[in-house]
Amino acid sequence: MSSQTDSVSSPSNFIATLWKIVGDPNNSNIISWNSSGDCFVVHDVDQFPQRIIPRYFRCTVYLSFVRQLHKYGFQRCYPPEMPSSSSAYFHPSFNFHRPGELALIRTEHTKSHEATSSNIDAPFSTEDPNHLVESVGRLYRAQAELTPRLENLHANSQEMDGLLEDIRHTFGLREQCLTYMTQSMQPQFPYQS
């Protein structure tokens, strides 16, 4: 029974190492907490697998690191202050201001196994409602940014359709002219009987 308590009371090696990496000021130009401390940002996706991953993990492939994050339930997020060339990841229990919650982060397999072996009538969600509100706010902001782009693409598409129709019409006229010119250039012999 103590092994189960130990696994819950201390974070996994991956999570403990990730906490150390994100919090290390020597890494801050490549990876760090975002301004509110509710997610971490990989500022330099090219340098991260070259300079950070090999120092702490066996792999050196960024996608393997991301797969590991997803295995622990991290999700990609888009903080407003983050440049588009960076990547940010969020987990409700991976928060700069709540290091005591690191032990709550487990692999999806472990969570599903515990869910089937525990009380099935447990509440459906224990996520922080403030985080959900922030996430919804981020989604609305992203939608507000994407809507004008989509409208612009739609307008461009309609303009291209018009241009294509003009080109088709022009080629049709050209073909008619060529047919007329070909016919008019053929020698015409008087009818002989």
Side-chain angles (χ1 to χ4, degrees), residues 1-45 48-49 52-53 55-59 61-146:
M1 185 81 171
S2 66
S3 66
Q4 186 179 18
T5 307
D6 291 343
S7 67
V8 172
S9 63
S10 62
S12 72
N13 288 339
F14 176 78
I15 297 301
T17 303
L18 180 61
W19 181 269
K20 180 180 176 181
I21 292 170
V22 174
D24 187 344
N26 295 323
N27 299 333
S28 64
N29 61 331
I30 298 175
I31 184 171
S32 68
W33 291 103
N34 72 332
S35 59
S36 60
D38 62 350
C39 70
F40 69 91
V41 179
V42 179
H43 305 287
D44 192 335
V45 175
F48 185 72
I52 305 297
I53 294 179
R55 290 187 0 219
Y56 298 95
F57 302 109
R58 286 181 290 204
C59 74
V61 179
Y62 183 69
L63 288 177
S64 296
F65 172 76
V66 171
R67 258 188 243 110
Q68 191 76 357
L69 289 174
H70 290 150
K71 180 179 168 186
Y72 279 92
F74 282 81
Q75 298 174 351
R76 181 115 189 244
C77 62
Y78 303 89
E81 75 273 9
M82 184 183 83
S84 60
S85 62
S86 301
S87 294
Y89 298 92
F90 165 83
H91 189 286
S93 298
F94 195 83
N95 189 299
F96 176 76
H97 305 289
R98 299 189 311 263
E101 294 183 6
L102 291 176
L104 300 175
I105 303 173
R106 295 179 302 279
T107 62
E108 295 297 320
H109 172 74
T110 305
K111 289 179 190 176
S112 64
H113 176 70
E114 288 177 1
T116 57
S117 64
S118 66
N119 183 2
I120 297 196
D121 297 325
F124 59 88
S125 176
T126 58
E127 287 191 29
D128 180 12
N130 292 330
H131 166 68
L132 294 175
V133 169
E134 290 171 12
S135 295
V136 169
R138 282 190 214 119
L139 289 173
Y140 278 122
R141 286 191 297 276
Q143 181 185 13
E145 289 175 13
L146 291 175

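Residues take their numbers from the sequence shown, with the count starting at 1.
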*Taking N34 for the side chain and C39 for the main chain, is one N or O donor matched with an acceptor at less than 3.5 Å?*
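Pair found, side chain donor or acceptor close to backbone of C39.
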*Kindly say whether M82 contributes a backbone atom to a donor-acceptor pair with the side chain of S86 at under 3.5 angstrom?*
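It does not hold such a pair.
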[atom2] on [Y] to [atom1] on [X], rounded to 0.5 Å:
| X | Y | atom1 | atom2 | answer |
| --- | --- | --- | --- | --- |
| L69 | I105 | CG | CD1 | 10.0 Å |
| I15 | K20 | CD1 | NZ | 15.0 Å |
| R106 | K71 | CZ | NZ | 14.0 Å |
| F40 | C77 | CZ | SG | 8.5 Å |
| Y72 | T107 | OH | OG1 | 6.0 Å |
| H97 | S36 | NE2 | OG | 6.5 Å |

Are the side chains of [X] and [Y] in touch, meaning some heavy atoms are under 4.5 Å apart?
| X | Y | result |
| --- | --- | --- |
| I52 | F57 | no |
| W19 | P99 | yes |
| Y56 | F65 | no |
| I53 | C59 | yes |

*Do you know which two heavy atoms are closest between N26 and N29, and how far apart they sit?*
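So the two residues come closest at O-OD1, 3.9 Å.
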*Any idea which heavy atoms bring S85 and V45 closest together, and the distance?*
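Closest heavy-atom pair between S85 and V45: O-CG2, 3.9 Å.
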Got a sec, which residues hit side-chain hydrogen bond (donor to acceptor under 3.5 Å, both in side chains) with [X], two or more places apart in sequence or on another chain?
| X | result |
| --- | --- |
| Y89 | Y62 |
| N95 | none |
| S87 | R76 |
| R55 | N27 |

*asked:* Aromatic contact between F90 and F74, with the criterion being ring centroids under 6.0 Å apart: yes or no?
replied: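 They do not qualify: ring centres at least 6.0 Å apart.
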*Which of these, V22, V41, D38, sits in a side-chain contact (heavy atoms from CB on, under 4.5 Å) with W33?*
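Checked V22, V41, D38 against W33; only one passes side-chain contact (heavy atoms from CB on, under 4.5 Å): V22.
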_Is it the case that atom CZ in F14 sees more than 12 heavy atoms from other parts of the structure closer than 6.0 Å?_
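Enclosed.
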*Sequence-distant partners of S28, side chain to side chain contact (heavy atoms under 4.5 Å, CB included), two or more places apart*: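 Residues passing side chain to side chain contact (heavy atoms under 4.5 Å, CB included) with S28: S32.
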*Who are the side chain to side chain contact (heavy atoms under 4.5 Å, CB included) partners of P25, not counting sequence neighbours?*
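In terms of side chain to side chain contact (heavy atoms under 4.5 Å, CB included), with neighbours along the sequence ignored, P25 is linked to no residue.
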